[in-house]
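Following: one structure in C-alpha cells, then a few remarks.
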Amino acid sequence: MDIQKDYLCIEQNSRVLCKKLDLDFDFQEAIPAYLDDVYRVVRCNSCAYVASAEINYNEIKVYGKIFISVTYYNENSTLSYADFEESFTKSITAENLSDRAFVFADINNKYTSFRIINQRRIDIHISSVLHIDVYDKCSCPCIKTCTDSRLRAQSVKCADIVNTNITKIEFDEEFSIPSDSPSIKRIVSFDAYADINDIKVIKDKALFKANVNVNVVYSADNDSDELLNTSYSFSVSKIAEISGIGENDIIIPKLNLGNVFLKAKNKNGDKLETINVYGDVYINSLIIRENVKELITDAYIVNRMAECTYSNCELLTDGKLINETKQFTQNYTLNSDITQIKELSMNITSHDYKNSSLTLQTEIAALAVNSGGEVISQSATAEAKINLGDSEKGIASVNITSFDYTIGENGNVNIRAALKITAYVYNENDYHLISDIEAVGDTVSSPTVTVYFASKNENVWNIAKQFLSDSDSIIRENELSGDTLENDRIIIIPKA
C-alpha cells in the first residue's frame, strides 16, 4: 500500500546574529570664527544615534550621527557654548543571509573625553557600544497529511519579529523666556529629552507622537552675568510609511533625540528674549506580530508500525504587551564641594530585560557651582531593577517622561522620575515537530476488540498510538468526555 504525504513549512523570523561592538571616535573640532577662544572647558557632552541601518549582499551597514556640545570659559571668564555634528558608518559582514533578512541597530555612549589643543581647537574622544541584531527567515519542515495516519495538532499562539523601521521627525520651535527675566546674553548649556506619547497603526502606516522637553541655561544680559534657566515642552508627530505593517501589529519604539540646536533671537528691539530650538527625533522601532501556528507534534499510522523524523522549532510564546508608567527613585552622589546646581540632566544609558526584571543603567549630569564660585560639571551613575512579571525574556523601550530632584548633604542628589515603559515580554519554547513519517513492515494484525486497563489521567491519544488504533473511535466506544481519563477504568479498544 502506497502512503501519500503532503508537507508544509513552519516559518518565523529568528535572530541569527547578535553583536556588541566597541566603537571609538576621535574628532578634532574647530571653534567657529564667530565664537570666543577656549580657555577652560567646563563640560563636553556627546550623543550618538543610529540614523539608518540596512543589509546588502551579506553586508550590514549602520549609518549614524554624533552630536557634540561644549560649554567653556573664554579669556574673560565668561561662559560660552559651541556645538558640532559628526557622522559615522560601520560595516559588518554576515554570511548566508536571505533577501528577507533585516537589522535592528542601537548605540549607547560609554564616555566622552577631550583635550584642548589650542584656543581654537579641541580633540574629542568618544567611546560607544553598537548593538546589532539581525533577523532572518527560518523554516521548519512539518508533515501536513499522510495516508491512514493520525496526526496530533497543537495550536500555539506565538510572536514573530517581522520588521524594523527608523522614523525621523524634524522640529522647529520658538519660545520666549519669562517676561520678568533679564534678556539673554549667551546660551551656555541645555538639556533635552523626549518620550513617546502615542502610536497608532493602520495598514502600511504608523502615526508616532512624541513629547520633547528642553531646559536651557543662559547668562543674563546684565552686570552680574547671572546664570538663569528656562524650560519648554512641545509635541511632534509624523505618519511613517511602513510596508507590510498591520493594525494589530505591536511596535516597540526606541526613541533618541538627534541633533538639537538652539539660537537666541530678538523678539522686540535688540534684546534677545526668544529661543529657537530645532533638530530631529529618531524612533527606531521593532515590529512584532502575534499569530497562531498549527504544529504537528505527534503522529502514527493505523495498523502499521511507523518511524517518525523530528525537527526542532523555537517559538516566542506566552507573549504580553506592557504599557506602564513607573515611578523611579534613585540616589546619586556628586562632589560635596557643589553649592548650587544650575542644570541637572538624567539619562537612561542602557537597559536590558532578563528573568522578569528590567535592569536600567542611569546617569545624571550637573552643571553646578562650587564653593569657589566656578561653574563645573559633575556626573554620577547608578543601576536599578524593575520587575515586569514572570516572563523569561523581553524587548523593552524606556523613556523619561518627567523628573525632579532634591539636593541633600555631602553632594547627595535624590531623583524622582516617571518612566514610560513599553515592553513585549515572552518565553522561548522548543517544539519537536513531525517532519516525516515512514511505515515500517506490513500491516499489523490486531483483534477486533482489545480490553485495556487504563489509569487515571492517562491520555487517550497515547493509548490509541500504543495499539495503532484511532483515538476518536476509542472516545466514542467508551463514551468518554475528553482526551484525558478522569479515573482508573477499563477501556475497550476497537479495531481501526
Side-chain angles (χ1 to χ4, degrees), residues 45 47 49 67 106 108-109 167-171 173 175 190-201 206-217 229-238 240 250-258 260 277 279-286 320-332 341 343-353 357-366 379-389 394-406 413-425:
N45 283 343
C47 174
Y49 58 94
F67 180 75
D106 188 29
N108 297 113
N109 286 6
T167 298
K168 176 184 176 182
I169 308 177
E170 296 179 330
F171 58 83
E173 297 278 332
F175 63 98
F190 79 93
D191 167 51
Y193 62 95
D195 64 278
I196 289 288
N197 182 36
D198 192 21
I199 300 174
K200 285 186 169 50
V201 178
L207 170 63
F208 294 98
K209 292 182 179 180
N211 298 318
V212 180
N213 305 276
V214 181
N215 183 48
V216 184
V217 180
N229 297 71
T230 186
S231 298
Y232 181 62
S233 299
F234 56 94
S235 298
V236 297
S237 63
K238 185 175 182 178
I250 297 167
I251 292 181
I252 305 298
K254 174 70 166 61
L255 187 146
N256 287 301
L257 275 175
V260 180
V277 52
D280 38 50
V281 172
Y282 284 83
I283 302 173
N284 196 347
S285 301
L286 204 62
K320 178 184 176 184
L321 177 64
I322 296 173
N323 273 311
E324 293 184 3
T325 298
K326 294 276 190 180
Q327 300 303 312
F328 172 88
T329 303
Q330 184 72 56
N331 287 307
Y332 302 83
I341 292 179
E343 174 197 282
L344 187 81
S345 63
M346 177 186 176
N347 293 293
I348 299 170
T349 56
S350 66
H351 62 267
D352 181 53
Y353 182 91
S357 292
L358 184 64
T359 302
L360 305 177
Q361 303 293 334
T362 63
E363 179 184 46
I364 63 167
S379 64
T381 60
E383 180 180 288
K385 287 191 176 183
I386 298 174
N387 185 273
L388 288 181
I395 302 164
S397 71
V398 188
N399 294 116
I400 301 167
T401 61
S402 64
F403 73 94
D404 58 26
Y405 63 92
T406 55
V413 178
N414 180 261
I415 294 283
R416 298 177 303 276
L419 306 180
K420 174 67 179 296
I421 299 173
T422 302
Y424 188 83
V425 296

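Values in this document were obtained by computation on a predicted structure and should not be read as measured data.
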Nearest 0.5 Å, please: how far is [atom2] in [Y] from [atom1] in [X]?
{"X": "L388", "Y": "K326", "atom1": "CG", "atom2": "NZ", "result": "6.0 Å"}
{"X": "Q361", "Y": "H351", "atom1": "CD", "atom2": "NE2", "result": "11.5 Å"}
{"X": "S402", "Y": "R416", "atom1": "OG", "atom2": "CZ", "result": "10.5 Å"}
{"X": "T362", "Y": "Q330", "atom1": "OG1", "atom2": "CD", "result": "5.5 Å"}
{"X": "T406", "Y": "N414", "atom1": "OG1", "atom2": "CG", "result": "4.5 Å"}
{"X": "I252", "Y": "L321", "atom1": "CD1", "atom2": "CG", "result": "5.5 Å"}

(request) Please step through side-chain contact (heavy atoms from CB on, under 4.5 Å) for the pair I283 and I251, ending with a clear verdict. (result) CA-CA 11 Å; I283 302 173; I251 292 181; over 6 Å; no

(request) Sort out for me which residue in D195, N399, I386 forms a side-chain contact (heavy atoms from CB on, under 4.5 Å) with L419. (result) I386

Are the side chains of [Y] and [X] in contact, using a 4.5 Å heavy-atom criterion?
{"X": "V216", "Y": "F175", "value": "yes"}
{"X": "V212", "Y": "V277", "value": "no"}
{"X": "V214", "Y": "F234", "value": "yes"}
{"X": "N256", "Y": "D106", "value": "yes"}
{"X": "I322", "Y": "Y353", "value": "no"}
{"X": "S235", "Y": "K209", "value": "no"}
{"X": "C47", "Y": "L257", "value": "no"}
{"X": "Y232", "Y": "T230", "value": "no"}

(message) I want to know whether F403 and Y405 have ring centres closer than 6.0 Å.
(response) no

(request) Output yes when a side-chain donor or acceptor of K238 lies under 3.5 Å from a complementary backbone atom of K168, and no otherwise. (result) yes

(message) Looking at S397, is its backbone amide N or carbonyl O close enough to the side chain of T422 to form a donor-acceptor pair, meaning the two atoms are under 3.5 Å apart?
(response) no

(request) Scan residues 379-388 for pairs that pass salt bridge (charged side-chain N to carboxylate O under 4.0 Å, His left out), counting only residues two or more places apart or in two chains. (result) none

(message) What verdict does the side-chain contact (heavy atoms from CB on, under 4.5 Å) test give for T349 and N109, after you've listed the backbone C-alpha separation in whole Å, the side-chain angles of each residue and the deciding distance to 0.1 Å?
(response) CA-CA 7 Å; T349 56; N109 286 6; over 6 Å; no

